[in-house]
Each structure stands twice: as structure tokens, then as C-alpha cells.
Novice: 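Below is one structure. I have some questions about it.
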Amino acid sequence: MALAQAAADEARRAGEVPVGAVIVLGDEVIATGFNHPIRGHDPSAHAEMAALRAAAQTLRNYRLPGCELYVTLEPCLMCAGAIMHARIARVVFGATDPKTGACGSVVDAFANTQLNHHTSVTGGVLADECGYALKNFFAKRRRLAREERDARRAPESTLDLPSNKN
């Protein structure tokens with residue numbers, strides 16, 4: 001999870017929501033990824049998707065049996081679908097996502113017995129640390145937006161205005 005957190009920090013430095021992912025096969029890290037939908041103009045450029053693409057290229061196979069995915073935030077439904085299609089054996093995530101989480105927070109895609117592939121899921125690993133990185137990112141973003149808004153609303157400097165005292 002520490003490597004996924006480092007990948008999330010790359011996303012933060014790029015101005016993206018700090019989510020990072022790592023894919024491991026046995027004891028070997030085969031891929032990492034971080035969020036970059038804004039920079040990439042790509043709504044599917046989530047950390048998990050980037051890591052899945054990189055792992056598939058590394059293994060030269062769209063199926064990733066036996067691989068484990070570590071991600072700092074609970075996967076969304078899009079990512080959960082890709083994880084299942086890739087045949088990832090296990091997902092380990094940090095913080096839960098109460099707005100779009102697909103591992104039990106909003107829906108539990110992996111619990112659906114009708115689907116043809118079943119991935120085991122472990123959540124809450126370093127949840128406080130992963131959640132803090134996200135909360136801190138959004139708090140800073142809101143603060144900067146407020147400062148920009150307040151700067152636009154501020155009256156022009158009174159130093160440049162003519163005086164009414166004659």
C-alpha cells in the first residue's frame with residue numbers, strides 16, 4: 001500500500017485527485033498507476049485503469065490471473081468492472097468512497113454471485129492515511145477556490161481612487 005500511496009502523491013503533484021494503484025504478481029510489482037483524467041482528458045484514467053493497462057502490457061495479456069491490486073481509494077463501478085474482466089484475484093484498498101465506492105460503500109459489485117469472476121476484497125488498509133491525503137487535497141482545493149473567489153470580489157484598491165476631499 002505504501003507504493004500505491006507514493007503513486008497517489010504523483011497524482012497530487014500533477015494536480016489530480018491523489019489516488020494511486022499498484023499491481024503485484026507474487027512478490028513482484030508489475031505495474032503502477034495514478035489518477036490523471038484531468039490532464040489526460042480521459043474520464044477512464046483512474047489509477048486502477050492505468051495500472052491495469054500497464055500490467056496487461058507487462059504480461060502481454062489482457063487477463064491478469066493471480067495478480068493483486070492495491071489502491072488507495074475504494075474502486076468505483078467502472079474500475080470494478082475492469083478489475084473483474086482482467087481476472088484480478090484480489091483487491092486491497094485503503095479509504096472507502098461513500099459517493100462512488102463499488103466494494104460495499106454504495107454498491108458491492110464483487111459480491112454479485114451472478115457474475116462469472118469473483119475477486120476477493122480487503123478494505124480499510126491504511127484507511128486513515130489514504131483518507132487524509134484525499135481530505136487534505138480537497139480542503140486545499142476548496143481553500144484556493146475561496147481565495148480566488150474572494151480576490152475577484154474584492155473592491156479595487158482605494159489608493160488609485162481620486163479623493164473627494166477638496
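What you see is a predicted model, and the numbers here were worked out from it, not measured in a lab.
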Novice: What pair of heavy atoms forms the shortest contact from Ala51 to Ala31, and how long is it?
Specialist: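 Shortest heavy-atom separation between Ala51 and Ala31 comes out as O-CB, 3.4 Å.
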
Novice: Do Leu25 and Leu59 have side chains that get closer than 4.5 Å, going by heavy atoms?
Specialist: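 Heavy-atom side-chain distance check passes, below 4.5 Å.
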
Novice: For Ala50 and His36, work out which heavy atoms get closest and say how close.
Specialist: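 Looks like CB-CE1, 3.9 Å.
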
Novice: Heavy atoms only: give me the nearest Cys130-Gly94 pair and the separation to one decimal.
Specialist: SG-CA, 4.0 Å

Novice: Same cluster or not: Leu73 versus Phe110, using hydrophobic residues (I, L, V, M, F, W, Y) connected whenever any side-chain heavy atoms lie under 4.5 Å apart?
Specialist: yes

Novice: Membership question, hydrophobic clusters at under 4.5 Å side-chain separation (ILVMFWY): are Tyr132 and Val17 in the same one?
Specialist: no

Novice: Say whether Ser120 and His118, considering side chains only, have a donor N or O and an acceptor N or O under 3.5 Å apart.
Specialist: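 Ser120 vs His118: no donor-acceptor pair found between side chains.
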
Novice: Less than 4.5 Å apart, any side-chain heavy atom of Phe93 and any of Val121?
Specialist: yes

Novice: Judged by modelled atom types alone, do Thr96 and Glu74 share a side-chain donor-acceptor pair under 3.5 Å?
Specialist: no

Novice: Run the salt-bridge test on Arg12 and Glu16 with the 4.0 Å N-O cut-off and return the result as yes or no.
Specialist: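 Looking at Glu16 together with Arg12, the answer is no, because their closest N to O distance does not fall below 4.0 Å.
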
Novice: Any donor and acceptor pair, going by atom type alone, linking the side chain of Thr72 with main-chain N or O of Ala4 inside 3.5 Å?
Specialist: no

Novice: Once rounded to the nearest 0.5 Å, what's the spacing between atom OG1 of Thr32 and atom CD of Glu10?
Specialist: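 If we round to the nearest 0.5 Å, Thr32:OG1 and Glu10:CD are 6.5 Å apart.
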
Novice: Working to the nearest 0.5 angstrom, can you tell me the gap between Leu52 CG and Ile83 CD1?
Specialist: 6.0 Å

Novice: Under a 4.0 Å threshold between the charged nitrogen and the carboxylate oxygen, would Asp150 count as salt-bridged to Arg146?
Specialist: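 Salt bridge flag = no for Asp150 with Arg146.
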
Novice: Can you confirm whether more than 12 heavy atoms, excluding those of His85, are under 6.0 Å from its NE2 atom?
Specialist: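 For His85, atom NE2 is not crowded (no more than 12 foreign heavy atoms under 6.0 Å).
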
Novice: Hey, does the side chain of Asn35 reach the backbone of Ala47 with a donor-acceptor pair shorter than 3.5 angstrom?
Specialist: yes

Novice: For residues Val71 and Val92, determine if any side-chain heavy atom of one lies less than 4.5 Å from a side-chain heavy atom of the other.
Specialist: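 A side-chain contact is absent here, since even the closest heavy-atom pair is not under 4.5 Å.
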
Novice: Do Met49 and Met78 touch side chain to side chain, with heavy atoms closer than 4.5 Å?
Specialist: yes

Novice: Can you see which heavy atom on Asn61 is nearest to which on Leu64, and at what distance?
Specialist: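 Asn61 and Leu64 have their closest heavy atoms at O-CD2, 3.8 Å.
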
Novice: Ignoring hydrogens and geometry, is there a side-chain-to-backbone donor-acceptor pair from Thr119 to Met84 under 3.5 Å?
Specialist: no

Novice: Side-chain heavy atoms under 4.5 angstrom apart, residues restricted to Ile, Leu, Val, Met, Phe, Trp, Tyr: same cluster for Met1 and Ile23?
Specialist: no

Novice: Side-chain contact, heavy-atom cut-off 4.5 Å: Leu134 with Val19?
Specialist: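 Yes. Closest side-chain heavy atoms under 4.5 Å.
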
Novice: Are any of the side-chain heavy atoms of Val22 and Leu69 separated by less than 4.5 Å?
Specialist: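 In short, these two side chains do not touch, never coming nearer than 4.5 Å.
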
Novice: Less than 4.5 Å apart, any side-chain heavy atom of Pro18 and any of Asp9?
Specialist: no

Novice: Do Tyr70 and Val125 sit in one hydrophobic cluster, given that two such residues count as connected whenever their side-chain heavy atoms are within less than 4.5 Å of each other, even indirectly?
Specialist: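 Yes; tracing contacts between hydrophobic side chains, which count when under 4.5 Å, links both residues.
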
Novice: Tell me which pairs pass salt bridge (charged side-chain N to carboxylate O under 4.0 Å, His left out) where either residue lies in residues 47-73, with sequence neighbours left out.
Specialist: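 Those involving residues 47-73 are Glu68-Arg90.
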
Novice: If you take all heavy atoms of Val106 and Asp97, which pair is closest and at what distance?
Specialist: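 Nearest heavy atoms, Val106 then Asp97: CG2-O, 4.1 Å.
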
Novice: Give me the atom names and distance for the closest heavy-atom approach of Ala80 to Pro75.
Specialist: N-CB, 4.4 Å

